[in-house]
Asks: 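Structure below; questions to follow.
Here is how names work: the chains are called A, B, and so on, in the same order as the sequence lines, proteins then strands, and each is numbered from 1.
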Amino acid sequence: MTLLSQSLSETHRQCDTLFAAMENAVTQQKWGDASSVFNEFRQATEDHFQAEENILFPAFEKATGMTQGPTRLMRREHQQMRDALSRMAGAIATRDADASLGCADTLLMLMQQHNLKEEQMLYRMMDEVLESEADALLARIKTMAV
Amino acid sequence: MMPATLSYEQAPPFPVPLRFFLTAPLFMLLAALLLVVEGPEIMLSRHLPATLAATHLLTLGFTTMVMCGALLQMLPVVAGAPVAAPRLIAWMVYPLLVLGALAVAFSFLSEIVTLMYAGALLTAIALCIFLIATGHALLRSPSRSPSVPAMGYALLALSVTVALGITLVIARYHGLAVPYPALATLHPLWGLVGWTLVLIIGVAYQVVPMFQLTSAYPSAMTSRLTGILFLLLVLRSGFEFLSPTIRDGLSFLVSATLAAGVFWFGAVTLQLQHRRKRKLNDPALMFWRSGLFLLLAAAMLGAGFPLLPPEYRDTASFVLGILTLPGFILALINGMLYKIVPFLAWFHLQANFPGKGIVPNVRQMLPETMTRGQMRLYLAALTTLLLAVGLPHLARPAGILWALNAFWLAWNLLRVARIYKHTVQLATTRL
């Protein structure tokens with residue numbers, strides 16, 4: 001049996017790795033690499049958001065009856081990150097190093113404080129209330145990603 | 001309405017932590033001006049009135065000021081434990097702490113007993129309100145992050161520091177029958193190691209991996225280091241009251257272990273940062289790395305301290321103080337301010353005015369050229385201060401550099417606050 005918190009935290013680390021690769025490419029002004037790694041990073045992040053918003057959060061809300069609680073805040077922060085990602089896409093498309101690094105700095109902070117809240121609290125709550133469904137939920141996420 | 005079971009809330013309003021962050025550099029400026037006025041005299045001993053005044057301007061007015069603001073901000077994020085009524089708490093703690101720190105510092109200079117009592121009382125009330133508010137929040141924290149117990153130990157150590165400080169005041173002016181030198185040794189130890197360093201370690205567990213994308217701290221460290229440091233402080237305090245021969249031997253052992261623990265934290269953090277995924281070398285990171293090297297130096301000096309011939313110990317303890325407070329602690333806090341203040345400004349603007357496209361990113365709020373320049377000035381000021389221990393005529397130039405450094409830091413943070421205010425106005429007029 002896999003823990004939801006473990007699998008979801010691993011996804012955060014994978015996104016972190018892609019973020020770092022993207023930022024390093026921007027720093028070296030390798031725009032081709034920056035653009036392709038950015039697209040990969042954006043896709044991985046979006047897949048993760050969708051897995052949470054469409055599969056995990058509804059399951060958590062159903063199990064706890066908390067629809068206005070932590071999941072609402074997390075959905076709102078997902079939207080903030082989507083906005084930040086669009087600005088980042090614009091900055092990379094125009095090959096503006098200052099704007100790209102500025103957006104990247106902002107996005108990283110936003111992402112990290114969000115991950116912290118999820119990993120320290122929400123995921124642990126999920127491990128408890130969704131224990132019996134964890135494997136089934138993770139399987140659904142896998143099929144969604146394909 | 002949010003349900004009562006909600007385990008984390010949005011961050012407190014930006015003005016709550018901001019007033020603490022903007023005020024802190026002004027206290028650094030006062031300490032620097034004191035160094036300019038007093039000159040080489042201040043470097044003779046750490047027990048001189050002017051030195052004590054400068055130290056308390058930095059510990060209460062800068063360090064504790066920033067840490068109070070930062071904890072009110074961070075508790076919801078790190079511990080899932082928002083402080084109830086953060087606006088009210090900040091509204092009470094902030095003015096009391098400002099007045100308390102000023103009164104304590106100036107009472108050392110003026111030797112006005114009433115001022116000292118007033119300062120101690122104001123500071124104690126401010127910190128008690130803060131301790132109750134944050135302690136209450138921490139106790140309800142659902143988080144299992146190692147930062148939570150670290151924050152708990154830090155708050156306990158803060159209460160010990162305050163209690164020791166009050167006792168010292170009464171002993172000094174009322175001849176209370178207490179071992180004054182022992183308490184005078186323990187008060188800074190609890191304040192610098194127990195309150196400040198333990199809190200920094202607890203926060204580092206979260207922010208070092210976050211900011212630089214490093215691996216996590218080893219669990220062997222996160223599960224026990226802050227608890228061990230706290231226990232060592234308790235032991236060290238108990239030993240002060242034993243007979244001198246037993247005390248010296250045991251205290252040496254405890255101090256060496258304490259130094260080893262501190263060194264462990266510094267070395268592991270430097271290694272994590274060295275292997276970070278993010279290759280960017282921003283000023284915040286350089287502040288951290290400089291501070292950590294100073295911490296390693298302080299730990300080695302602290303461990304070797306009892307082995308030094310007695311005639312060098314005064315100088316060594318002065319150098320140890322500089323490496324720790326204006327060195328390690330100020331460097332780390334300065335670096336953190338540059339990460340936290342622009343991000344909070346951005347975060348609140350973005351949350352309040354989403355999709356308007358007028359919110360500048362963090363680098364537009366605070367360009368790297370400004371922070372990099374201040375970092376170099378800080379390093380120059382610190383180096384000059386260290387040199388002034390051996391070359392007293394450098395004390396005043398060091399004071400001038402510190403004053404410029406404090407001014408530049410204040411200027412940079414004010415720039416962010418001004419852009420924040422301007423963007424709020426712009427967004428509201430466009431509504």
Side-chain angles (χ1 to χ4, degrees), chain A residues 5 9 13 15-28 64-74 76-77 79-84 86-88 90-91 97-122 124-125 128, chain B residues 1-11 73-74 76-81 141-148 206-207 209-216 276-282 284 338-340 342-347 350-351 354-357 359-368:
Chain A
S5 58
S9 303
R13 299 293 86 76
C15 291
D16 285 351
T17 308
L18 289 170
F19 173 91
M22 180 264 299
E23 191 183 53
N24 294 341
V26 171
T27 315
Q28 293 163 9
T64 59
M66 281 164 56
T67 51
Q68 298 298 302
T71 46
R72 191 178 81 153
L73 182 59
M74 293 301 100
R76 193 156 64 200
E77 293 193 354
Q79 196 47 49
Q80 286 183 313
M81 281 182 271
R82 287 187 175 111
D83 293 347
S86 320
R87 280 191 293 274
M88 180 91 216
D98 274 350
S100 301
L101 290 175
C103 289
D105 249 1
T106 318
L107 179 62
L108 179 69
M109 294 283 290
L110 189 58
M111 235 163 75
Q112 294 300 322
Q113 61 89 34
H114 173 80
N115 292 353
L116 189 64
K117 290 183 207 164
E118 287 191 338
E119 288 173 31
Q120 295 297 347
M121 284 156 283
L122 184 59
R124 288 170 194 261
M125 288 159 81
E128 279 173 33
Chain B
M1 249 338 256
M2 297 277 178
T5 44
L6 176 62
S7 60
Y8 42 71
E9 213 351 317
Q10 285 280 49
Q73 172 64 42
M74 287 183 85
V77 182
V78 173
S141 167
S143 166
R144 270 176 268 174
S145 151
S147 300
V148 173
Q206 296 296 351
V207 302
M210 265 172 75
F211 289 162
Q212 305 303 333
L213 300 179
T214 72
S215 325
R276 69 194 188 277
K277 286 182 193 162
R278 219 181 166 205
K279 295 303 170 208
L280 219 63
N281 217 353
D282 63 17
Y338 283 161
K339 281 283 171 198
I340 293 171
F343 175 70
L344 287 181
W346 181 88
F347 187 80
Q350 196 58 41
K356 284 191 163 253
V359 181
N361 68 47
V362 288
R363 283 192 185 217
Q364 288 163 330
M365 293 204 200
L366 191 50
E368 208 177 281

Asks: Taking 4.0 angstrom as the limit, do B/R278 and A/D16 come out as a salt bridge?
Replies: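 The answer is no: the pair does not qualify as a salt bridge.
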Asks: Inspect the surroundings of CG in B/N281 and state if more than 12 heavy atoms from other residues, nucleotides or ligands are less than 6.0 Å away.
Replies: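 Yes.
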Asks: Quick check for you: among B/V148, B/N361, B/D282, which has the greatest number of heavy-atom pairs under 4.5 Å with chain A?
Replies: B/N361
Asks: Tell me, side chain or backbone of A/T17 under 4.5 Å from chain B's heavy atoms, or both, or neither?
Replies: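 A/T17 touches chain B through backbone and side-chain heavy atoms alike.
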Asks: May I ask you to decide if B/V362's main-chain N or O and A/T106's side chain share a donor-acceptor pair within less than 3.5 Å?
Replies: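 It does hold such a pair.
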Asks: Can you tell me which portion of A/L101 sits under 4.5 Å from chain B's heavy atoms? Options are side chain, backbone, both or neither.
Replies: both
Asks: By a 4.5 Å heavy-atom criterion (distance strictly below it), what part of A/T27 contacts chain B: side chain, backbone, both, or neither?
Replies: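 The answer is the side chain of A/T27.
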Asks: Can you find a side-chain donor-acceptor pair between B/Q206 and B/S145 that sits under 3.5 Å?
Replies: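 Short answer, yes.
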Asks: Short question: side chain of B/R363, backbone of B/L366 - any donor-acceptor pair under 3.5 Å?
Replies: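 The answer is no, because no donor-acceptor pair under 3.5 Å joins these two groups.
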Asks: Go through the atoms of A/L108 and report whether side chain, backbone, both or neither lie under 4.5 Å from a heavy atom of chain B.
Replies: side chain
Asks: Below 4.5 Å, heavy-atom pairs only: which of A/H114, A/Q113, A/Q79 has the largest tally toward chain B?
Replies: A/Q113
Asks: Could you tell me which portion of B/L280 (side chain, backbone, both or neither) has an atom closer than 4.5 angstrom to a non-hydrogen atom of chain A?
Replies: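 Both backbone and side chain.
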Asks: At a 4.5 Å cut-off on heavy atoms, which part of A/Q120 comes close to chain B: side chain, backbone, both, or neither?
Replies: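 Answer is both: backbone and side chain atoms of A/Q120 are under 4.5 Å from chain B.
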Asks: I'd like to know if A/E23 and B/K277 make a salt bridge, using a cut-off of under 4.0 Å between side-chain N and carboxylate O.
Replies: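 Salt bridge between A/E23 and B/K277, a charged N being under 4.0 Å from a carboxylate O: no.
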